[in-house]
There are 2 protein chains.
Amino acid sequence: MKRPTMKDVAQAAGVSLMTVSRVIAGEAGVSPDTAARVEQAVRKLGYQRNDNARNLRQKRLGTSTVGLVVDDLANPFYALMVRSIEDEAHRRGYVVLVGSTNDEPRREREVIAAFTARQVDGLIIVPTIGGHQFLKPPMEAGTQVVCVDRPARDLDVDTVTVDNRDGARGAVTHLLDHGHTRIAYLGDRYEIWTQSERYAGYLDALTAHGLAVDPDLVRHGLRSHGDAQGALAALRALPDPPTALFSSNDVITLGVLDGLEHPTPISIVGFDDLPLAKQLDPPLTVVSQDPVAVGSTAANLLFSRIDGDRSAPRKVVLLTRFIARRSGARPVQRVSD
Amino acid sequence: MKRPTMKDVAQAAGVSLMTVSRVIAGEAGVSPDTAARVEQAVRKLGYQRNDNARNLRQKRLGTSTVGLVVDDLANPFYALMVRSIEDEAHRRGYVVLVGSTNDEPRREREVIAAFTARQVDGLIIVPTIGGHQFLKPPMEAGTQVVCVDRPARDLDVDTVTVDNRDGARGAVTHLLDHGHTRIAYLGDRYEIWTQSERYAGYLDALTAHGLAVDPDLVRHGLRSHGDAQGALAALRALPDPPTALFSSNDVITLGVLDGLEHPTPISIVGFDDLPLAKQLDPPLTVVSQDPVAVGSTAANLLFSRIDGDRSAPRKVVLLTRFIARRSGARPVQRVSD
DNA sequence: ATGAAAGCGCTAACAC
DNA sequence: GTGTTAGCGCTTTCAT
């Protein structure tokens, strides 16, 4: 009923506990037939080493566990990232603890505290807006940290991001190049780093074309599908509605698309690619990021830190890819009438 | 540089280690001002309890860690499920270890072994085709196990599945009701339980309508987007091509849609809903499952086991939802001329 | 209210 | 080759 220990195995094999330890650890210096007897006892008892106990004693190696903390595990972008990080971890014999923060600093702290209490060797986090000073003690104690998707303002650690600003600028420029001048911006909370960057890119593009921003066309703080639909409806009800819009993330794009009749009466470019984007009418033009590359880059950074790299923190910025399909290239037309 | 221990805190606070332990654990019987001194030392040193060491000694409670093993963390269905399980776990103060099996029994074993070696209290797994006898020892030692998405053939444990057969039958019946008689089946490996169930549902529907299966129209083993496109092309090249098709999972549906011109020349019903399904032309008719419900059901079962429920294993079967949009209802027409 | 000793399951450092 | 002792960081038990 209880979990067998090395002591039990030792007894069953008629050897000392230390001999069992050596066999289990695969160390040399055990005669082949004692080893065989031990292995037999192991099988008979269904023994498996308690790695927590092992790690307690053997501090040279870590726990071979890393923590991964993201906004929302269900978000396709993060899901892909998680998978690529888990692949890298598995390849190296590590396991990964995951947690969602929901963008709440409080939950982020709880999750990270639970992870560090379990002695993770490293942490890959998508930092919330909150502070991260609580990470100082574990970091001084040797826990490695890398940020992904966005930087933590009060943490100078390896960080992997995407050039959001450049990507957004490209998207909006595309719209401008197609003759649009009234281009709406629909984004999530401005406080989120990726969103303020993308908004900056929107501004960049307008400015480069000598256009001023019309505050009426800018909608921040869209947290959900429904929020996006609402914002779209309000935009279309404007006396001088936009002829095009830039959607700053996938859930907003989905909301917008859901609120529109077909064929789409307004030009759209979205940040983040979507599975069926190509099959839409018109096919959706997007700025796409590569979550797998982001994840594996972050994982490689983390593991090289865990392996002892103590060089200055690296800031890796990956580029986005602009995929021109057709939704941004439609002729200018008025939304209403 | 090193992680402070209770010993360090005790020294800094001028008390015994035991007193520190009591304060940290929030036990009664410590005078308010000694507690205050301890807490101050804790803050000063940035002390955090080592829960692995704690769990080693304190066997009454578990490790407050559960393992979650799925096919592929990047799959949207599993991603949603993971998130809902993580929410339930977080609510209860548990953390979750995750791993992808890639449907490889070997990797499944590696991942699960790594989890049990870390003394997880429970495991939620999407079992691969392989055997699971290796789970016997940890289960006897008290590790709780629940299966999700499909049963493990050699494990009698709580299992949460969806009525795949019924869902598929409904989908194919819908196609039959619209006059189709040549309906193709495109599925992943038949060995995967969900796939054989869905195929059975396909057969059920045909049989109920007095139709025989045409082996030419049945394609198993489609593992990827590309496989699905290939199968579709082969089907359309048939002398007597199908007028409709049932796609047995989301990646196949995506592949099929990607291989088709617009408007779609063939009727389609897919298993699994897709984000932009409604925006397609024609809107895609699907059988949808609720991954969040699947996940939370599994989590609740697991936690009640962890909390001591030793009743007979439960088999929960959730229903699918048929979402008739328009892709299945198109008039019968021949694929090629 | 506080502390000392023992021990959880294991490995490091020495014996033999 | 194999066994003994000590101790990782903590909690249990029993003193005081």
Side-chain angles (χ1 to χ4, degrees), chain A residues 2-39 41-42 45-64 116-121 137-138 141-142, chain B residues 2-39 41-42 45-64 116-120 137-138 141-143:
Chain A
K2 261 204 56 204
R3 209 173 288 267
T5 69
M6 280 194 180
K7 205 167 142 194
D8 302 318
V9 176
Q11 191 163 9
V15 296
S16 86
L17 186 158
M18 200 50 226
T19 301
V20 177
S21 172
R22 290 192 175 101
V23 174
I24 303 287
E27 281 176 20
V30 180
S31 83
D33 60 306
T34 30
R37 275 168 49 226
V38 169
E39 273 154 11
V42 164
L45 299 181
Y47 171 77
Q48 190 189 18
R49 182 174 58 202
N50 179 334
D51 277 355
N52 288 347
R54 170 179 224 216
N55 293 328
L56 188 58
R57 188 64 174 96
Q58 182 191 262
K59 299 298 280 292
R60 55 174 62 182
L61 281 355
T63 53
S64 295
T116 53
R118 285 169 179 76
Q119 316 297 112
V120 294
D121 298 330
Chain B
K2 262 203 57 205
R3 212 172 286 266
T5 71
M6 279 195 181
K7 205 167 141 195
D8 301 320
V9 176
Q11 191 161 10
V15 296
S16 86
L17 185 159
M18 202 46 230
T19 301
V20 177
S21 173
R22 291 192 175 101
V23 174
I24 302 288
E27 282 176 21
V30 180
S31 82
D33 59 306
T34 29
R37 273 168 49 225
V38 169
E39 273 154 12
V42 164
L45 299 180
Y47 171 77
Q48 190 188 18
R49 182 174 57 202
N50 179 334
D51 277 354
N52 289 347
R54 170 180 223 213
N55 294 329
L56 188 58
R57 189 64 175 96
Q58 181 191 259
K59 299 296 280 293
R60 52 176 62 180
L61 283 355
T63 53
S64 294
T116 53
R118 286 170 179 75
Q119 316 297 110
V120 293
T143 307

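Letters go in sequence order (proteins before strands), and every chain restarts at 1.
Taking only side-chain atoms of Arg54(A), from C-beta outward, the nucleotide of dC8(C), dA4(C), dC10(C) with the closest atom is dC10(C). For Asn50(B), the listed nucleotide lying nearest its side chain is dG9(D); candidates were dG9(D), dT11(C), dT2(C). Side chain of Met6(A), nearest nucleotide from dT2(C), dA12(C), dC10(C): dC10(C). Counting only heavy atoms from C-beta on, Gln58(B) has its side chain closest to dT12(D) among dT2(D), dG3(D), dT12(D). The listed nucleotides are dG3(C), dT2(C), dC10(D); the one nearest the side chain of Ala53(B) is dC10(D). The listed nucleotides are dG3(D), dG9(C), dG3(C); the one nearest the side chain of Val15(B) is dG3(C). The side chain of Ser16(A) lies closest to dG3(D) when the candidates are dC8(D), dG3(D), dT2(C). For Arg57(A), the listed nucleotide lying nearest its side chain is dG7(D); candidates were dT12(D), dG7(D), dG9(C). Taking only side-chain atoms of Tyr47(B), from C-beta outward, the nucleotide of dC10(D), dC8(D), dT13(D) with the closest atom is dC10(D).
Between the CD1 atom of Ile24(A) and the C1' atom of dG9(C) there is a distance of 12 Å, given to the nearest Å. The distance from atom CZ of Arg49(A) to atom C1' of dC8(C) is 17 Å, rounded to the nearest whole Å. Atom P of nucleotide dA4(C) and atom NZ of Lys7(B) are separated by 13 Å, given to the nearest angstrom. Counting to the nearest Å, the P atom of dC10(D) and the CG atom of Asn55(A) are 15 Å from each other. In this structure, Gln11(A) places its CD atom 15 Å from C1' of dG9(C), rounding to the nearest Å. The distance from atom CD of Glu27(B) to atom C1' of dA1(C) is 13 Å, rounded to the nearest whole Å. Between Met18(A) atom CE and dC16(C) atom P there is a gap of 17 Å when expressed in whole angstrom units. As a whole-Å value, the separation of Leu17(B) CG from dG3(C) P is 10 Å.
Contact annotation: Thr5(A) does not reach the phosphate of dC8(C) (side-chain N/O to OP1 or OP2, under 4.0 Å). Taking side-chain N and O atoms only, Ser31(A) has a distance below 4.0 Å to OP1 or OP2 of dT2(D). Contact annotation: Thr19(A) does not reach the phosphate of dG1(D) (side-chain N/O to OP1 or OP2, under 4.0 Å). Checking the phosphate oxygens (OP1, OP2) of dC10(D), no side-chain nitrogen or oxygen of Ser21(B) falls inside 4.0 Å.
Using a 4.0 Å heavy-atom criterion, one finds that Arg60(B) contacts the sugar-phosphate atoms exclusively. Using a 4.0 Å heavy-atom criterion, one finds that Lys59(B) contacts the sugar-phosphate atoms exclusively.
Nearest-nucleotide mapping onto DNA chain D: of Arg22(B) and Leu56(B), the residue sitting toward the 5' end is Leu56(B).
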Next on the checklist: Run Ile24(B) and Val42(B) through side chain to side chain contact (heavy atoms under 4.5 Å, CB included) and show every step you take.
Outcome noted: CA-CA 9 Å; Ile24(B) 302 288; Val42(B) 164; 3.8 Å; yes
Checklist entry - Going through the distances and angles, do Arg3(A) and Thr143(B) end up as a side chain to side chain donor-acceptor pair (under 3.5 Å)? => result CA-CA 10 Å; Arg3(A) 209 173 288 267; Thr143(B) 307; 3.2 Å; yes
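Contact record, Val30(B) with Ala35(B): CG1-N, 4.0 Å, taken as the closest heavy-atom pair. Heavy atoms only, all atoms of each residue included: Leu45(A) and Pro4(A) are closest at O-CG, 3.6 Å.
We find the NZ-CG distance between Lys7(B) and Leu17(B) to be 8.5 Å, quoted to the nearest 0.5 Å.
No side-chain heavy atom of Asn55(A) sits less than 4.5 Å from a side-chain heavy atom of Gln119(A).
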